[in-house]
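Below, all heavy atoms of this structure are taken into account, side chains as well, without hydrogens, waters or symmetry copies. Quick caveat, the model's predicted, so the values are computed rather than measured.
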Amino acid sequence: MRKNIVAGNWKMNTTVAEGVELAKAVVAKSSEVPASTGLIIAPPFTHLVPVAEAIKGSVIGLSAQNCADKEKGAYTGEVSADMLVSAGCAYTILGHSERRQYYGETDAKLVEKVKLAIAHGLSPIFCVGENLEEREAGRHFDVVTEQIKNVLYTLSAEEMAKVIIAYEPVWAIGTGKTATAGQAQEIHACIRKVVAEKFGELAEDITILYGGSCKPSNAKELFACPDIDGGLIGGAALKADDFIAIALSF
Ligand code: PEP
């Protein structure tokens, strides 16, 4: 059975002190959330060690927002999968549209990142999604299918079992526009079908999150859809109350 998950992507927000405070506020409220819902927070790299300390003993999992496509060595400015594990991470977001769009992250690079992350014991939260132009051209199913095939089809079934997928329509991220529950469900169902074409029954166990202006007021309707197993939350994850309210929306 797949797990419901609500994951908070803090992006490039908060100082270390503010981040630790936010993590502690999430911990304080996390007892309200049933055990059937997993909670994950993804602070910036600089915050990982103190946030790991702040969430110690709680149910909250720690995620990075990215990791290097190389094992180790002379790659100035990069942070490896091994380093993330040593900092307390169990997850890393990979292929977020902001990384694809602003930092030229390609599917080929993402293959390396996803494989390395898994090899070091991390579960990737692998993001896919179409931009506005692609949606308006009616190409959203094709774009997302291609992203899944280019990266996740290179994995073994054992590797795939570690992956969480996040569908995030780029036009809905940070814009206040949310995909309707119907729009989100039809593409989540498509993602699960594409995963099933390669990995068979395993597709039923893969958690697929929705991301894009998800908030307490719309989470219930989205999470009620059969193929939406939770959310990857940006802006609303910066307020502990909102983040927990979303996690209580199943
Ligand atoms: C995100 O970037 O992962 C995201 C979903 O952001 P927001 O919730 O702010 O749209």
Side-chain angles (χ1 to χ4, degrees), residues 5-13 42 44 63-67 69 91-114 117 124-155 163-195 197-198 203 206-215 217-219 221-223 225 227-238 246:
I5 292 175
V6 172
N9 173 14
W10 295 3
K11 310 194 185 189
M12 198 170 71
N13 292 299
S63 176
Q65 299 175 16
N66 183 27
C67 89
D69 61 334
Y91 307 88
T92 182
I93 297 171
L94 288 174
H96 191 282
S97 64
E98 288 153 14
R99 303 260 359 136
R100 292 178 189 260
Q101 190 180 346
Y102 305 135
Y103 301 98
E105 213 148 86
T106 60
D107 286 345
K109 232 180 211 343
L110 286 167
V111 170
E112 302 306 317
K113 291 189 178 202
V114 168
I125 302 172
F126 178 68
C127 303
V128 296
E130 80 287 356
N131 63 29
L132 185 60
E133 200 184 328
E134 291 160 341
R135 162 73 54 171
E136 284 176 344
R139 294 185 48 234
H140 41 294
F141 292 108
D142 291 344
V143 168
V144 167
T145 299
E146 192 87 337
Q147 289 169 332
I148 298 275
K149 286 188 172 175
N150 287 347
V151 179
L152 300 183
Y153 272 28
T154 69
L155 302 180
V163 175
I164 296 164
I165 297 173
Y167 167 62
E168 301 203 303
V170 180
W171 48 271
I173 296 178
T175 58
K177 284 186 200 159
T178 318
T180 63
Q183 283 173 323
Q185 166 55 29
E186 65 178 2
I187 205 137
H188 278 235
C190 161
I191 290 169
R192 203 175 301 285
K193 186 170 144 279
V194 174
V195 172
E197 277 163 18
K198 166 84 178 167
I206 300 291
T207 295
I208 308 178
L209 308 178
Y210 168 79
S213 299
C214 184
K215 39 191 183 266
S217 58
N218 59 25
E221 198 187 350
L222 288 159
F223 296 174
C225 297
D227 288 294
I228 301 181
D229 309 313
L232 179 55
I233 317 299
L238 295 171
I246 292 169

Inset, instruction - For the pair Asn150 (side chain) and Gln147 (backbone), establish whether a donor and an acceptor sit closer than 3.5 Å, ignoring hydrogens and angles. - result: no
Legend entry - Glu186, CD: over 12 other non-hydrogen atoms inside 6.0 angstrom: yes
Inset, instruction - Measure from the side-chain N and O atoms of Arg135 to the backbone N and O of His140, and report whether any donor-acceptor pair falls under 3.5 Å. - result: no
Inset, instruction - Return the set of residues passing side chain to side chain contact (heavy atoms under 4.5 Å, CB included) with Thr207 (not counting sequence neighbours), or none when no residue passes. - result: Arg2, Lys3, Ile5, Ile164, Leu209, Asp229
Inset, instruction - Only counting residues at least two apart or in another chain, list the ones meeting salt bridge (charged side-chain N to carboxylate O under 4.0 Å, His left out) with Glu168. - result: none
Legend entry - Closest non-hydrogen atom pair, Trp10 against Ala237: NE1-O, 3.7 Å
Legend entry - Residues that His188 engages under ring-ring contact (aromatic ring centres under 6.0 Å, His included), provided they are two or more places apart: Tyr167
Inset, instruction - Report yes if the side chains of Pro124 and Tyr91 come closer than 4.5 Å at any heavy-atom pair, otherwise no. - result: no
Legend entry - Any Asp142 side-chain heavy atom under 4.5 Å of Glu146 side chain: no
Inset, instruction - State, yes or no, whether a side-chain contact exists between Ile93 and Asn66 at a heavy-atom distance under 4.5 Å. - result: no
Inset, instruction - Could you tell me whether a side-chain N or O of Ser213 sits under 3.5 Å from a main-chain N or O of Ile173, the two making a donor and an acceptor? - result: no
Legend entry - Between Glu130 and Trp171: side-chain donor-acceptor atoms closer than 3.5 Å: yes
Legend entry - Nearest heavy-atom neighbours spanning Thr154 and Val151: OG1-O, 2.7 Å
Legend entry - For the student: nearest non-hydrogen atoms of Gln185 and Cys225, plus distance: OE1-CB, 3.4 Å
Inset, instruction - Taking side chain to side chain contact (heavy atoms under 4.5 Å, CB included) as the test, write out the residues that go with Lys198, two or more places apart. - result: Tyr153
Inset, instruction - Please answer whether the main-chain N or O of Asp227 pairs with a side-chain N or O of Arg192 as donor and acceptor at a distance below 3.5 Å. - result: yes
Inset, instruction - Could you tell me whether a side-chain N or O of Arg139 sits under 3.5 Å from a main-chain N or O of Glu133, the two making a donor and an acceptor? - result: no
Legend entry - From CG (Asn9) to CG (Leu232), nearest 0.5 Å: 5.5 Å
Legend entry - Side-chain donor/acceptor of Tyr102 to backbone N/O of Ser97, under 3.5 Å: no
Legend entry - Asp69: partners by side chain to side chain contact (heavy atoms under 4.5 Å, CB included), with sequence neighbours left out: Lys109, Glu112, Lys113
Inset, instruction - Evaluate the side-chain proximity of Val6 to Ile233: yes if any heavy-atom separation is below 4.5 Å, no if none is. - result: yes
Inset, instruction - For residues Ile148 and Thr145, determine if any side-chain heavy atom of one lies less than 4.5 Å from a side-chain heavy atom of the other. - result: no
Inset, instruction - Taking all heavy atoms of Val143 and all of Gly129, pick out the closest pair and write down the distance. - result: CG1-O, 4.2 Å
Inset, instruction - Using atom types as modelled and distance alone, determine if a side-chain donor or acceptor of Gln183 lies under 3.5 Å from a backbone N or O of Thr180. - result: yes
Inset, instruction - Look up atom NE2 in His96 and atom CG in Leu110, then write down how far apart they are to the nearest 0.5 Å. - result: 12.5 Å
Inset, instruction - List the atom of Thr92, the atom of Cys67, and the distance in Å for their closest heavy-atom pair. - result: OG1-N, 4.0 Å
Inset, instruction - Answer yes or no: is there a side-chain heavy-atom contact under 4.5 Å between Leu152 and Ile165? - result: yes
Inset, instruction - Take atom CD of Glu134 as the centre, draw a 6.0 Å sphere, and report whether it contains more than 12 heavy atoms from other residues, nucleotides or ligands. - result: yes
Inset, instruction - Assess whether side-chain contact (heavy atoms from CB on, under 4.5 Å) is satisfied between Cys214 and Phe223, documenting all intermediate values. - result: CA-CA 10 Å; Cys214 184; Phe223 296 174; 4.2 Å; yes
Inset, instruction - Would you mind reporting whether Val194 and Ile191 have side-chain heavy atoms less than 4.5 Å apart? - result: no
Legend entry - Counterpart residues, side chain to side chain contact (heavy atoms under 4.5 Å, CB included), relative to Asn13 (two or more places apart): Lys11, Leu238
Legend entry - For Ala172 against Tyr210, the heavy-atom pair lying closest together: CB-OH, 3.7 Å
